[in-house]
2 protein chains.
Amino acid sequence: MRIQKASLKNIVIERIKNYISENNLKPNDKFLTEKMLTEQLKVSRTVVREALISLQAVGILMIKPGGGIYIADTKLGSIHTILKHHYETYGVKIRELVEIRKILELGALRLIIEKQVPLDIDQLKEINESYHQTIKNNEDTKKFDRLFHQSLIKATDNATFFNFSEIIHEYFSLVKIDLIENQEALIRSYEQHNEIVDAIRDNDLVHAQKTMTDHFEPIFTFIKQMEEES
Amino acid sequence: MRIQKASLKNIVIERIKNYISENNLKPNDKFLTEKMLTEQLKVSRTVVREALISLQAVGILMIKPGGGIYIADTKLGSIHTILKHHYETYGVKIRELVEIRKILELGALRLIIEKQVPLDIDQLKEINESYHQTIKNNEDTKKFDRLFHQSLIKATDNATFFNFSEIIHEYFSLVKIDLIENQEALIRSYEQHNEIVDAIRDNDLVHAQKTMTDHFEPIFTFIKQMEEES
DNA sequence: AATGAAAATTGGTCTGACAATATTATAACT
DNA sequence: AGTTATAATATTGTCAGACCAATTTTCATT
């Protein structure tokens with residue numbers, strides 16, 4: 001592997017990143033204009049623009065045509081582009097993503113119980129009741145199902161873990177999967193949610209993880225079936 | 001939120017991504033040249049270049065000065081750029097990263113044992129012996145420690161899991177942490193590695209996970225100490 | 001056939017101009 | 001004075017052409 005000689009553009013990128021760091025600029029802060037940068041860095045507008053565009057692409061800056069340049073408030077926004085491309089290029093196996101999700105959710109349960117984080121049991125129950133409603137009304141159930149699992153992860157009091165999980169979830173949602181979900185299976189899913197919440201309330205990690213494992217079982221069965229067919 | 005009118009640059013970006021998809025281009029494949037793109041898309045070189053630079057920034061293309069443009073060989077590596085910036089801007093708590101690492105490694109052990117993946121026990125032992133050597137010789141121990149944990153994750157037969165774990169690991173390595181590592185503690189670490197390998201060989205998940213938990217304990221103690229001081 | 005110099009190709013940087021969009025200043029009106 | 005419509009200005013987007021730097025290709029020489 002050859003060491004890439006630093007192009008002017010890359011130097012400017014580094015200087016801009018440092019500038020942001022040193023001046024402690026925060027999301028939505030106004031940044032310098034192209035003109036100011038060309039003058040201060042003494043490079044052509046071309047180079048400045050290319051550096052700015054790179055930084056916009058990775059979600060560090062936000063360029064408003066005619067209105068200036070701002071620090072982006074990226075909540076993983078640009079990561080989506082990368083995941084999508086990665087998925088389309090390498091074709092990730094669903095099984096791999098489900099395995100990861102299971103690991104994360106089992107881990108979340110352990111964190112919640114071991115750390116004894118303050119947890120709003122009622123809120124979880126409430127979300128699950130909404131889930132129950134959509135099931136009974138034959139509406140789209142995904143929203144509340146996801147909200148329930150999101151809330152569990154969020155309860156771990158670990159923002160990085162939450163962000164990371166969201167990335168995985170985002171990735172997972174790229175994969176089209178037609179899991180047959182009859183009413184019966186959904187009701188069972190609802191009951192498992194409740195069982196998990198109860199286990200958390202009782203500080204019963206083993207039970208919580210066992211139920212979560214059961215909760216994941218149908219999708220693994222489905223995947224195994226799919227893999228056998230192909 | 002206003003819907004951003006598509007700039008020429010963004011249109012070109014979309015068309016290039018589609019082109020890659022449709023022609024099923026794979027990493028390291030040669031892509032079109034700037035000249036070809038300007039002619040075929042009938043836009044200025046400026047626009048083409050800015051689009052290409054955006055796609056390079058997110059790890060979709062790789063531009064070789066003088067040598068052409070290629071499909072990038074990205075293993076989610078460009079996510080690292082984003083996380084790094086995120087870390088430098090918002091600051092991440094070490095505790096959060098260590099918690100995630102623990103979750104991932106406990107999860108890896110479960111995957112390995114539950115799936116009964118073919119596993120080269122001897123190789124793991126060998127790596128750990130090299131680790132032992134560096135400890136005894138007072139050399140830098142990090143390399144083989146990391147290699148050991150990497151090998152565990154790799155053994156799960158889940159490439160996506162491995163890629164994401166690597167991202168966390170890289171993220172973690174950004175954080176400077178001065179864990180006091182005396183010879184005694186390192187030897188204990190070495191022994192735990194061996195114990196984990198033996199537990200895997202014996203399909204003893206509980207023991208493996210218990211040992212791994214112990215393995216993480218010193219760093220949690222250290223972090224707690226640090227948090228109390230500040 | 002192997003080598004090495006010359007030519008052509010390709011991406012990097014510069015300059016200057018005009019267009020499209022957003023912001024600011026000004027003028028007109030109530 | 002305050003509001004609103006309009007004009008002026010500032011800022012980013014796109015274009016064209018030129019030259020530089022790195023790489024690849026061509027081809028004459030050995």
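From a predicted model like this one, the values you see are computed outputs, not experimental measurements. Below, chain A is the first sequence line, B the second, and so on; all start at residue 1.
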Discussion item. In this structure, how many angstroms lie between the P atom of dG12(C) and the CD1 atom of Ile11(A), rounded?
Written reply: 14 Å
Worksheet item: When you measure from the side chain of Arg49(B), which nucleotide among dT12(D), dG12(C), dT14(D) comes out closest?
Response: dG12(C)
Discussion item. Nearest whole Å is fine: how far is dA22(C) C1' from Tyr70(A) OH?
Written reply: 9 Å
Discussion item. Any base atoms under 4.0 Å from Ile69(A), or only sugar-phosphate, or nothing? Heavy atoms, all strands.
Written reply: sugar-phosphate
Practice prompt. Rounded off to whole Å, could you give me the CG-to-P distance for the Asn10(B) and dT21(C) pair?
Written response: 14 Å
Worksheet item: Please give, in whole Å, the distance from dT10(C) C1' to Ile63(B) CD1?
Response: 11 Å
Worksheet item: Below 6.0 angstrom between ring centroids: does that apply to His193(B) and His149(B)?
Response: yes
Worksheet item: Among side-chain atoms of Glu96(B) and Thr160(A), is any donor-acceptor pair under 3.5 angstrom?
Response: yes
Worksheet item: So what does Gly66(A) touch, heavy atoms closer than 4.0 Å: a base, only the sugar-phosphate, or nothing?
Response: base
Worksheet item: Taking atom types as modelled and ignoring hydrogens, do the side chains of Asn10(A) and Ser7(A) form a donor-acceptor contact shorter than 3.5 angstrom?
Response: yes
Worksheet, complete the sentence: Between Gly67(A) and Val47(A), whichever has its closest DNA chain C nucleotide further toward 5' is Val47(A)
Fill in: Between P of dT13(C) and NZ of Lys42(A), the distance in whole Å
18 Å
Practice prompt. May I ask you to evaluate whether Ser44(B) reaches the phosphate of dC15(D), defined as a side-chain N or O under 4.0 Å from OP1 or OP2?
Written response: yes
Worksheet item: Once you round it to whole Å, what is the distance between P of dT12(D) and CZ of Phe31(A)?
Response: 11 Å
Worksheet item: Which is true for Thr46(B) with a 4.0 Å heavy-atom rule: it touches a base, it touches only sugar-phosphate, or it touches nothing?
Response: base
Discussion item. For Phe161(A), is there any backbone N or O sitting under 3.5 Å from a side-chain donor or acceptor partner on Ser165(A)?
Written reply: yes
Item to complete: May I ask you to evaluate whether Lys64(B) reaches the phosphate of dT24(D), defined as a side-chain N or O under 4.0 Å from OP1 or OP2?
Response: yes
Fill in: Interatomic distance where CG belongs to Leu52(B) and P belongs to dT14(D) [whole Å]
14 Å
Discussion item. Working to the nearest 0.5 angstrom, can you tell me the gap between Leu52(B) CG and Ile60(B) CD1?
Written reply: 11.5 Å
Worksheet item: Is there a donor on the side chain of Arg45(A) or the base of dG13(D) sitting less than 3.5 Å from an acceptor on the other?
Response: yes
Discussion item. Whole angstroms only, please: what is the CG-C1' distance between Leu8(B) and dT14(D)?
Written reply: 7 Å
